[in-house]
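As structure tokens, the structure follows; a few thoughts come after it.
As a basis for the values below, the full set of heavy atoms in this structure was taken, side chains included, without hydrogen atoms, waters or symmetry mates.
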Amino acid sequence: MANILLIEDHRVVRDALSDALESVGHTVVPAENGDIGLEEIAHRDVDIVVTDLLMPERDGFEVLKQLHGHKPELPVVVLSGGGSMRGPDLLEMARALKADVTLAKPVDSDELLAAVDYLMKRGAAPAVTAQLR
């Protein structure tokens, strides 16, 4: 099972996704924004990062840039509902920043579990962008 950092600013969504991941045995480290998430990465061993894109403080785009610069091997799943932009546009931008998997909100827990399973099976192979929608 994986140690997963879940960066999501909406508590209800964060709790629901955490519950889904923990229900199959993953350990989840929750963070409410990118600043907290990056701080957690600096102090914990994390196997996979799941991050929302549009958040206060530091958004998911900044998280992707930081991870790409400091931990490029760390797999990242990006979630987005789109906000004022269309979701597919934001997800395309995340793919350009080397997100490993992108999922449109609302995220079905089975989709997220499939994405995590995919990344765990892939292991440390070079980043391959996958879109599971």
Using modelled atom types only, decide if a donor and an acceptor are shared between the side chain of D9 and the backbone of N33 within a distance under 3.5 Å. no
Minimum side-chain heavy-atom gap H26-V116 below 4.5 Å: yes
Tested for side chain to side chain contact (heavy atoms under 4.5 Å, CB included) against V63, the lone hit among L5, I7, L97, V78 is I7
Between L54 and L90, does a side chain to side chain contact (heavy atoms under 4.5 Å, CB included) hold up when you go through it step by step? CA-CA 9 Å; L54 302 179; L90 293 175; 3.7 Å; yes
d(L79 CG, L17 CG) to nearest 0.5 Å is 6.5 Å
Could you tell me whether the side chain of L38 reaches within less than 4.5 Å of the side chain of R58, counting heavy atoms only? yes
Could you tell me whether the side chain of D59 reaches within less than 4.5 Å of the side chain of L53, counting heavy atoms only? no
For the atom pair CD (E40) and CD1 (I36), what is the distance rounded to the nearest 0.5 Å? 8.0 Å
Any salt bridge linking R122 with D100? Criterion: basic side-chain nitrogen under 4.0 Å from a carboxylate oxygen. yes
Any chance you could lay out the side chain to side chain contact (heavy atoms under 4.5 Å, CB included) test for M55 and D52, step after step, and finish with the verdict? CA-CA 7 Å; M55 299 177 289; D52 189 12; 3.9 Å; yes
Might you point out which heavy atoms bring T51 and G60 nearest each other, and give the distance in Å? OG1-CA, 4.0 Å
Mind checking whether L6 and V29 have side chains closer than 4.5 Å, heavy atoms only? no
Any heavy-atom pair between the side chains of D47 and I4 that's under 4.5 Å? no
S80 OG to L103 CG distance, which is reported to the nearest 0.5 Å: 10.5 Å
Should M120 and I48 count as side-chain neighbours, where that means a heavy-atom distance under 4.5 Å? yes
Residue pair A20 / S109: nearest heavy atoms and the distance that separates them: CB-CB, 3.6 Å
Taking the side chain as every heavy atom from C-beta outward, state whether R14 and E32 have any pair of such atoms under 4.5 Å apart. yes
Roughly how far, to the nearest 0.5 Å, is the CG atom of L67 from the CD atom of E62? 11.0 Å
Electrostatic pair E8-K105, nearest N-O below 4.0 angstrom: yes
Decide if atom CD of E22 counts as having more than 12 heavy atoms of other residues, nucleotides or ligands within a radius under 6.0 Å. yes
Can you tell me how far apart CD1 (I41) and NZ (K71) are? Round to the nearest 0.5 Å. 6.5 Å
Could you go through the side chain to side chain contact (heavy atoms under 4.5 Å, CB included) check for V77 and L112 one step at a time? CA-CA 8 Å; V77 177; L112 180 58; 4.2 Å; yes
Show, in sequence, the C-alpha distance, side-chain angles and deciding distance for L21 and V24, and conclude whether the side chain to side chain contact (heavy atoms under 4.5 Å, CB included) test is met. CA-CA 6 Å; L21 291 164; V24 296; 5.6 Å; no
